[in-house]
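Reading through the structure tokens given below for one structure.
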Amino acid sequence: MAEENQAAASAQEIESGGESLEYVASSVPDSKRKSLISLTFVLAGYPIALSNFVIGGKVGVGLTFSDAISALLVGNAFLILIVILTGLLAFRTGLSTSFLSRRVFGISGSAIFSVLLALSAVTWVSANGDIFARMIPATFSWWPLSVPITAVLVILMWMQSAVRGYKGLQFVSYLGVPAAIVMAVWGVGAMLQVHSIADLTPYIPAEPITFASPTSQIVGGWIFGAVITPDVCRYAKSRAHVVFAGFIAFLLGCFGLQFAGALVAIATGSGDFIVAMAGLGLIVVAFICAIFCLWTTQDNNIYGASLALQNVITNTTYSGKIKHWHIAMVISILAAILAYLGIYTYLSPAISVLSVLFPALPGLLLAEVFIVRNPQHHTNVNPRAIIAWICGGVVGYLALRYNWFVPPVLNMVASGLVYAILMKGAPRTSDEEITM
């Protein structure tokens with residue numbers, strides 16, 4: 001009897017995708033949806049990242065003050081739009097990014113996308129682990145450990161919240177988001193004591209860049225983050241919560257930190273945020289800010305990679321047998337090994353090429369919801385989606401190489417249009433429709 005009860009419980013968990021599996025294969029139940037405050041903090045934790053200071057710094061030193069602000073507004077407006085639209089889709093379905101991709105790619109087709117997503121996330125984690133590990137001895141000369149060992153310890157620290165699922169992300173975000181914002185405001189405030197906004201507005205770059213270049217950096221640098229926000233938005237209780245949380249999270253995390261990076265860069269003449277902060281005598285403030293910025297972002301990467309691999313596993317005999325924390329731990333250890341060996345430097349070019357393919361997903365999903373209305377999540381592989389995905393990637397790559405407009409935007413639009421055209425006349429596999 002005990003064995004029967006255990007088997008029944010196990011079967012029920014597999015079917016429902018319970019908390020131990022982070023509801024990976026099913027919709028998040030209403031009873032487990034989160035409050036607006038929780039949703040906003042966890043969503044904000046991802047874009048509150050050190051890279052946004054860096055992006056802002058590059059934009060700040062390469063454009064006039066007014067053009068820099070315009071570029072930040074245009075780039076982030078597009079990101080916020082993607083976050084809200086895909087977030088609403090996640091709210092309606094309760095599904096993660098990887099499982100949503102089944103609606104266009106099919107069951108096995110989505111596994112390809114999921115593996116690429118996981119690989120990209122692992123590379124980001126290992127790269128940022130190495131970056132932060134190099135910051136520690138640069139900030140504290142007494143630090144006794146080597147950079148590779150420090151990188152391993154840092155990634156294992158990020159793992160602590162990721163293995164605990166949404167609850168872990170929430171705990172770190174409640175601490176990290178306010179701390180990162182306070183540190184950023186502190187740094188900008190210290191800068192404004194030396195240079196007022198009026199002093200910065202006449203700035204003319206010594207080596208000006210085109211408007212398209214920084215806009216592409218803003219969107220390209222965070223399109224991956226925008227694509228995986230459904231992993232969090234599926235916990236929303238209402239459409240209004242998705243819109244508010246998505247807007248505030250990326251306004252603060254992306255635009256806010258990029259704006260701060262631009263101001264500091266213009267004031268100091270350096271596009272390197274760490275160097276600029278050191279020039280202001282705020283290297284310790286920058287270091288503390290980096291701790292929280294990196295932690296709240298990288299545990300999200302580990303979490304998203306775990307959900308992506310769960311999407312692959314559900315197609316095998318191991319479905320429901322491997323818990324979320326098992327996969328999150330394996331991903332973290334793999335990233336730690338890559339960081340220790342420095343292998344990520346060899347993988348980065350390949351992942352950069354693969355990242356050109358990520359903007360296609362929102363284009364495909366939105367084309368499905370608003371135009372095609374023929375979800376493919378019951379099919380094995382949808383070759384039309386694969387073709388549209390590749391076409392969008394080619395357009396994005398060419399746009400990036402020849403500096404056309406904003407490559408991720410062209411990628412997304414091209415993917416969606418090709419998908420809508422190819423799906424005309426395709427046999428209907430489901431009558432399910434989603435009302436955004």
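In this text, all values refer to a predicted model and were calculated from it rather than measured experimentally.
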- Task: Determine which pairs satisfy salt bridge (Lys or Arg N to Asp or Glu O under 4.0 Å) with at least one residue from residues 158-178, sequence neighbours left out, and list them in order.
- Result: Glu19-Lys167

How about [X] and [Y]: do any of their side-chain heavy atoms sit closer than 4.5 Å?
| X | Y | result |
| --- | --- | --- |
| Asp67 | Thr64 | yes |
| Met329 | Ile333 | yes |
| Asn301 | Phe224 | yes |
| Phe91 | Lys237 | no |
| Val61 | Ile266 | no |
| Cys233 | Thr86 | no |
| Phe65 | Pro202 | no |
| Tyr303 | Leu307 | yes |

Using a 3.5 Å distance criterion without hydrogens, assess whether the side chain of [X] forms a donor-acceptor pair with backbone atoms of [Y].
| X | Y | result |
| --- | --- | --- |
| Thr229 | Ala226 | yes |
| Thr297 | Leu294 | no |
| Asp199 | Ser196 | yes |
| Asp231 | Thr97 | yes |
| Ser38 | Ser35 | no |
| Arg102 | Ala111 | no |
| Gln376 | Val381 | no |
| Asn411 | Pro407 | no |
| Ser27 | Pro29 | no |
| Arg33 | Arg234 | yes |

Value rounded to 0.5 Å, distance of [atom1] in [X] from [atom2] in [Y]:
| X | Y | atom1 | atom2 | answer |
| --- | --- | --- | --- | --- |
| Met423 | Leu364 | CE | CG | 10.5 Å |
| Glu368 | Arg103 | CD | CZ | 6.0 Å |
| Ile131 | Ser51 | CD1 | OG | 9.0 Å |
| Ile82 | Ile80 | CD1 | CD1 | 11.5 Å |
| Ile155 | Asn128 | CD1 | CG | 9.0 Å |
| Leu309 | Ser98 | CG | OG | 8.0 Å |

- Query: Given the rule in the side chain to side chain contact (heavy atoms under 4.5 Å, CB included) test, do Leu39 and Gln170 qualify, once you have shown the distances and angles that lead to the verdict?
  - Reply: CA-CA 8 Å; Leu39 190 72; Gln170 177 180 269; over 6 Å; no

Of the non-hydrogen atoms in [X] and [Y], which two are nearest, and what is the gap between them?
| X | Y | value |
| --- | --- | --- |
| Gly45 | Ser173 | CA-OG, 4.1 Å |
| Leu89 | Leu100 | CG-CD2, 3.9 Å |
| Thr314 | Ala25 | CG2-CB, 4.2 Å |
| Ala339 | Ala151 | CB-CB, 4.0 Å |
| Leu145 | Thr150 | CB-OG1, 3.6 Å |
| Pro214 | Val59 | CB-CG2, 3.5 Å |

- Task: Tell me, with the steps shown, if Trp158 and Ser332 meet side chain to side chain donor-acceptor pair (under 3.5 Å).
- Result: CA-CA 8 Å; Trp158 296 336; Ser332 301; over 6 Å; no

- Task: Decide yes or no on side chain to side chain contact (heavy atoms under 4.5 Å, CB included) for Phe287 and Phe132, but give the supporting numbers first.
- Result: CA-CA 9 Å; Phe287 178 78; Phe132 187 59; 3.7 Å; yes

- Message: Ring centroids only, cut at 6.0 angstrom: are Phe99 and Tyr23 within range, meaning strictly under it?
- Response: no

- Item | Sub-6.0 Å ring centroid separation between Phe105 and Trp389 | yes

- Task: Take the angle between the ring planes of Phe358 and Phe113 and call it parallel below 30°, perpendicular above 60°, tilted in between.
- Result: perpendicular

- Message: Pairing donors with acceptors under 3.5 angstrom, does anything connect the side chains of Thr296 and Asn300?
- Response: no

- Query: Does CG belonging to Leu398 count more than 12 external heavy atoms closer than 6.0 Å?
  - Reply: yes

- Message: Set out, in order, the CA-CA distance, both residues' side-chain angles and the distance that settles side chain to side chain contact (heavy atoms under 4.5 Å, CB included) for Lys58 and Val54, then state yes or no.
- Response: CA-CA 6 Å; Lys58 291 180 179 179; Val54 176; 4.0 Å; yes

- Apply side chain to side chain contact (heavy atoms under 4.5 Å, CB included) to Ile327 and Glu22, showing your working. CA-CA 12 Å; Ile327 300 180; Glu22 286 296 297; over 6 Å; no

Could you give the side-chain donor-acceptor pairs of residues 241-263 under 3.5 Å, partners two or more places apart or in another chain?
| residue | atom | partner | partner atom | Å |
| --- | --- | --- | --- | --- |
| Gln258 | OE1 | Asn76 | ND2 | 2.9 |
| Gln258 | NE2 | Asn52 | OD1 | 2.7 |

- Query: Among Ser114, Ser96, Ser101, whose side chain to side chain donor-acceptor pair (under 3.5 Å) with Asn311 holds?
  - Reply: Ser114

